[in-house]
Amino acid sequence: MPHVIIVGCGFGGLAAARALADAKVDITMIDRSNHHLFQPLLYQVATAGLSAPAISAPIRSILASQRNVTSLMAAVADIDVARKKVVLEDGSEIAYDYLIVAAGSTHSYFGHDEWAPLAPGLKTLEDAFDIRRRILMAFEYAEREDDPVRRDEWLTFTVIGAGATGVEMAGTLIEIARHTLSGEFRRIDPHHAKVVLLEGSDRVLAAYPSDLSEKARVQLVKLGVDVRTGSRVTDIDEECVRYSDKEGEQRLASRTVIWSAGVAASPLGKALNVPLDRAGRVPVGGELSIPGHPEVFVIGDLAAATSDGKPVPGVSPAAKQMGRVAARNVLAHMAGKAPENFVYQDYGSLATIGRKAAVAMVGKLKFSGYPAWLFWLFIHVY
């Protein structure tokens, strides 16, 4: 039977595998980790609100009943599209008839990779564990610190980037300080912790309409977050963050910094030997394949796809829809039929800000506050 390799078991890769459940194909699912991750709630693990098993599950367990799938925990080092082979990090090769690449994205520090150890991003469970340790240890170090200046440095948390992840992280951090840890320390009051959200543009949640963006900012401020827009980071070290705003260069003393300012496509896109866009994504046609290779599909965050002339956003619903279309196009190619063009169905956008605070946009309907938070909660549980 035709051999289909799927690289990456995120939302897109998993959707593609499931869409091929009844197809007469052999599928090899390759992922560098052994679990599928519900990434929209990863910040909850990073802030100790949820445990890792609440948002992750073993890939082998998820696909155990799908008899045409073999799961491999391995990292893909290269892809030889001419020979139709995937090269693993140990040098072994696996041949394919069809390839679906759903390798996702990683952090982008805009040319300052030296900031990565000082300001970790949030993409994996390992990232979440690292950030959680840094947050909790900051309170521990503050508890044993006698110098009030250094104590304030430990109690100042900086989130860089006010997209959905940054807004959610900042809101949750302030709630940890104001509510979760209340009364647990003797020498410090966690209520005095400060959360600063730095954003280079002039508003938070720039992808949302300006009115929802403003409502999000107001809700953050009401929670106690210090929101500083128009603030572009220029340097990060172990004791402070330096940034520039309309008043010039500024120094923010902070020992815990979290990065959510930018993402870049997986470097695996370079292995396909096609021109990439500025973010490192792979431009794909309407059928989601790369030029000259109708058997190679790229989906999810790694794909620079358009629908109705508009760029497809890097969100989980889009990745799932791409996965299903790529799977159907594999079957169409096998049957000698014309491929299906991808059309993105936008079901809306949601961002939680904190306890009983969120913003939502569903079609032309926009709402915020407690109703949006309830809606966000229902959608994520579902």
Side-chain angles (χ1 to χ4, degrees), residues 1-39 52-53 55-106 123-126 266-269 271-272 282 284 287-290 293-303 316 319-335 339-340:
M1 290 189 292
H3 185 207
V4 180
I5 291 181
I6 302 175
V7 179
C9 192
F11 287 107
L14 182 58
R18 284 177 162 167
L20 293 169
D22 298 322
K24 293 183 178 180
V25 295
D26 283 327
I27 304 169
T28 299
M29 172 68 75
I30 305 175
D31 196 291
R32 62 170 59 248
S33 66
N34 67 346
H35 56 269
H36 169 74
L37 181 65
F38 190 80
Q39 204 172 67
I55 66 163
S56 63
I59 295 172
R60 294 182 186 277
S61 176
I62 294 172
L63 298 173
S65 62
Q66 192 169 327
R67 305 308 299 175
N68 64 348
V69 176
T70 298
S71 297
L72 297 180
M73 180 180 170
V76 174
D78 196 13
I79 298 172
D80 190 331
V81 293
R83 296 192 302 132
K84 292 187 178 181
K85 290 188 176 182
V86 167
V87 183
L88 303 184
E89 60 183 350
D90 63 359
S92 59
E93 298 180 340
I94 307 176
Y96 64 83
D97 295 295
Y98 298 95
L99 175 65
I100 300 175
V101 185
S105 59
T106 186
K123 283 291 182 184
T124 67
L125 278 178
E126 289 76 15
S266 166
L268 195 58
L272 296 173
V282 179
V284 293
E287 70 284 357
L288 303 178
S289 64
I290 63 174
H293 291 277
E295 77 283 357
V296 178
F297 301 88
V298 181
I299 63 174
D301 288 351
L302 184 56
S316 55
K320 292 163 71 174
Q321 293 172 39
M322 286 183 185
R324 290 189 283 266
V325 170
R328 290 196 291 267
N329 282 342
V330 166
L331 300 179
H333 193 276
M334 289 169 52
E340 172 186 342

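Values in this document were obtained by computation on a predicted structure and should not be read as measured data.
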Distance-only donor-acceptor hits, side chain of residues 15-22, under 3.5 Å, sequence neighbours excluded:
none

The criterion is side chain to side chain contact (heavy atoms under 4.5 Å, CB included); which residues satisfy it with [X], sequence neighbours excluded?
{"X": "N34", "answer": "M73"}
{"X": "S33", "answer": "D31, H35"}
{"X": "S105", "answer": "K123, V263, D301"}

Can you list every ring pair (Phe, Tyr, Trp, His ring centres under 6.0 Å) pair that touches residues 63-105, not counting sequence neighbours?
Y98-H333
I94 vs L72, test: side chain to side chain contact (heavy atoms under 4.5 Å, CB included). Steps then yes/no.
CA-CA 11 Å; I94 307 176; L72 297 180; 3.7 Å; yes
From the list L99, V298, V101, side-chain contact (heavy atoms from CB on, under 4.5 Å) partner of I290 resolves to V298
Please determine which of I5, N68, V330, L63 meets the side-chain contact (heavy atoms from CB on, under 4.5 Å) test together with I27.
N68
Please tell me if the side chains of V325 and M322 come closer than 4.5 Å, counting only heavy atoms from C-beta onward.
no
Okay, side chain of S56, backbone of A52: is any donor-acceptor separation there less than 3.5 Å?
yes
Within residues 82-103 or reaching into it, pairs that qualify as salt bridge (charged side-chain N to carboxylate O under 4.0 Å, His left out) - sequence neighbours excluded:
D80-R83, R83-E93, K85-E93
Can you tell me how far apart [atom1] ([X]) and [atom2] ([Y]) are? Round to the nearest 0.5 Å.
{"X": "Q321", "Y": "I299", "atom1": "CD", "atom2": "CD1", "value": "11.5 Å"}
{"X": "I59", "Y": "H36", "atom1": "CD1", "atom2": "NE2", "value": "8.5 Å"}
{"X": "C9", "Y": "R32", "atom1": "SG", "atom2": "CZ", "value": "14.0 Å"}
{"X": "I6", "Y": "M29", "atom1": "CD1", "atom2": "CE", "value": "4.0 Å"}
{"X": "I55", "Y": "L125", "atom1": "CD1", "atom2": "CG", "value": "5.5 Å"}
{"X": "I30", "Y": "I100", "atom1": "CD1", "atom2": "CD1", "value": "12.0 Å"}

Where is the tightest heavy-atom contact between [X] and [Y], given as atom of each residue plus distance?
{"X": "P339", "Y": "A332", "value": "CA-CB, 4.5 Å"}
{"X": "N329", "Y": "F297", "value": "CB-CE2, 3.7 Å"}
{"X": "L331", "Y": "A23", "value": "CD2-CB, 3.6 Å"}
{"X": "A64", "Y": "R67", "value": "O-NH1, 3.4 Å"}
{"X": "G269", "Y": "V282", "value": "CA-CG2, 3.9 Å"}

Check step by step if side chain to side chain contact (heavy atoms under 4.5 Å, CB included) holds for V76 and L88.
CA-CA 4 Å; V76 174; L88 303 184; 4.1 Å; yes
Give the C-alpha distance, both sets of side-chain angles, the deciding distance and a yes or no for side chain to side chain contact (heavy atoms under 4.5 Å, CB included) between V81 and L272.
CA-CA 7 Å; V81 293; L272 296 173; 3.9 Å; yes
